[in-house]
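Letters go in sequence order (proteins before strands), and every chain restarts at 1. Both backbone and side-chain heavy atoms feed into the values below; hydrogens, waters and symmetry mates do not.
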Amino acid sequence: MNYWLIKSEPGTYSIDDLKKEKKTMWNGVRNYTARNNMRDMKKGDICLFYHSVTDPSIVGLSKVVKESYQDPTTEETAWVVVDVAFEEKFKTPISLNEVKLHPKLENMQLLKQSRLSVQKVTKEEYDFILKLAKELAK
DNA sequence: GCCAACGTTGGC
DNA sequence: GCCAACGTTGGC
């Protein structure tokens, strides 16, 4: 079981869109590091859902329901997609500023490699983030 | 294989 | 809208 963080600009595809659709094909990734991460995703893995640009924050959870396969939206064989399903929307999003406040999260790729659109998250970071989400929801 | 030029991402 | 970070491209 692994944990990930996937990014999307809410104007393009938001957690609400995923909630409505229940499930989506995560396409459009055109970066090799991100692609490699998607290849490593296993069914049942959890992906933190991150809104970039307009409201930088972790807004909820999604789950991998189909492992990587060739991206049907391009002829290029280099790219893959996964299918993810809606899992949860946090009552209160965890803003990027909030993430920066906690020493336990200071090594997150989100802070170190801010441009990477599919990132690995450690179990420790994931557990801490869930705890944080619950506290903020109060 | 190096590196300059260029394009894109994303925080602010 | 600006700009830093960083990935990609292409000339040499």
Side-chain angles (χ1 to χ4, degrees):
Chain A
M1 173 74 152
N2 285 302
Y3 303 93
W4 311 91
L5 179 146
I6 57 178
K7 284 197 214 174
S8 183
E9 291 192 32
T12 306
Y13 195 87
S14 71
I15 186 95
D16 292 320
D17 294 325
L18 182 61
K19 188 176 182 181
K20 223 176 295 166
E21 276 195 90
K22 300 213 169 39
K23 175 183 141 162
T24 194
M25 181 179 75
W26 204 255
N27 66 323
V29 171
R30 294 292 179 271
N31 168 286
Y32 288 104
T33 309
R35 194 265 329 252
N36 291 345
N37 282 338
M38 290 212 295
R39 277 186 177 163
D40 286 340
M41 286 182 181
K42 297 288 175 212
K43 203 172 171 177
D45 283 359
I46 298 292
C47 302
L48 299 170
F49 199 106
Y50 181 81
H51 279 174
S52 65
V53 184
T54 49
D55 183 29
S57 48
I58 301 168
V59 290
L61 303 176
S62 60
K63 189 160 82 177
V64 177
V65 290
K66 188 172 176 185
E67 293 176 14
S68 67
Y69 54 100
Q70 164 75 38
D71 186 340
T73 65
T74 176
E75 296 291 304
E76 295 173 55
T77 54
W79 308 115
V80 300
V81 297
V82 295
D83 289 355
V84 295
F86 176 80
E87 190 73 10
E88 182 184 338
K89 182 184 176 183
F90 294 155
K91 275 188 192 157
T92 309
I94 302 173
S95 70
L96 183 60
N97 283 334
E98 181 72 29
V99 172
K100 287 176 183 169
L101 288 178
H102 301 283
K104 282 191 177 169
L105 301 179
E106 70 185 3
N107 288 320
M108 279 192 80
Q109 281 189 309
L110 186 62
L111 303 180
K112 304 260 166 184
Q113 266 176 277
S114 58
R115 289 185 46 191
L116 185 60
S117 61
V118 180
Q119 315 188 342
K120 286 179 196 168
V121 176
T122 67
K123 173 142 183 26
E124 289 72 26
E125 288 161 353
Y126 174 77
D127 288 344
F128 188 82
I129 285 163
L130 272 208
K131 206 178 77 185
L132 205 53
K134 272 182 199 144
E135 280 171 19
L136 292 173
K138 281 176 193 166

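The distance from atom CD1 of A:I58 to atom C1' of B:dG11 is 15 Å, rounded to the nearest whole Å.
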Distance-only criterion, 3.5 Å: show the donor-acceptor pairs between side-chain atoms of residues 31-40 of chain A and protein atoms not counting sequence neighbours.
from: A:N31; atom 1: OD1; to: A:T33; atom 2: N; distance (Å): 3.0
from: A:N31; atom 1: OD1; to: A:A34; atom 2: N; distance (Å): 2.9
from: A:R35; atom 1: NH1; to: A:A78; atom 2: O; distance (Å): 2.8
from: A:N36; atom 1: ND2; to: A:Y32; atom 2: O; distance (Å): 3.3
from: A:N37; atom 1: ND2; to: A:V118; atom 2: O; distance (Å): 2.6

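In this structure A:I94 satisfies the side-chain contact (heavy atoms from CB on, under 4.5 Å) test together with A:I58, A:F90, A:E98, A:V99, A:I129, A:L132, A:A133, A:L136, sequence neighbours excluded. For A:R30, the salt bridge (charged side-chain N to carboxylate O under 4.0 Å, His left out) test picks out A:D71, with sequence neighbours left out. Every residue was checked against the ring-ring contact (aromatic ring centres under 6.0 Å, His included) condition with A:F86, not counting sequence neighbours, and none meets it. By the salt bridge (charged side-chain N to carboxylate O under 4.0 Å, His left out) test, A:K123 pairs with A:D127, sequence neighbours left out. Here A:W26 pairs with A:F49 under the ring-ring contact (aromatic ring centres under 6.0 Å, His included) rule; sequence neighbours left out. Legend: residues meeting salt bridge (charged side-chain N to carboxylate O under 4.0 Å, His left out) with A:K89, ordered by chain and number and at least two apart, are A:D16. Contacts of A:E88 classified as side-chain hydrogen bond (donor to acceptor under 3.5 Å, both in side chains), with partners at least two apart in sequence or in another chain: none.
Residues of residues 48-57 of chain A having a heavy atom closer than 4.0 Å to DNA chain B, listed by number: A:Y50, A:S52, A:V53, A:P56. Applying a 4.0 Å cut-off to non-hydrogen atoms, the residues of residues 29-38 of chain A that approach DNA chain C are A:N31, A:Y32, listed by residue number. A heavy atom closer than 4.0 Å to some atom of DNA chain C occurs in A:K112, A:R115, these being the qualifying members of residues 109-117 of chain A. DNA chain B is contacted by A:L96, A:K100 of residues 89-100 of chain A, taking any non-hydrogen atom closer than 4.0 Å.
For A:K7, no side-chain nitrogen or oxygen approaches OP1 or OP2 of B:dT9 to under 4.0 Å.
Among A:I46, A:D45, A:L48, the single residue meeting the side-chain contact (heavy atoms from CB on, under 4.5 Å) criterion with A:W4 is A:D45.
Few gaps surround CD on A:E135; more than 12 heavy atoms of other groups in view lie less than 6.0 Å from it.
A:S8 contributes a side-chain N or O that, together with a main-chain N or O of A:Y13, makes up a donor-acceptor pair within less than 3.5 Å. Put simply, the side chain of A:E87 never gets that close to the backbone of A:K63: no donor and acceptor are under 3.5 Å apart. Proximity of a side-chain donor or acceptor of A:S62 to a complementary backbone N or O of A:C47 within less than 3.5 Å is detected.
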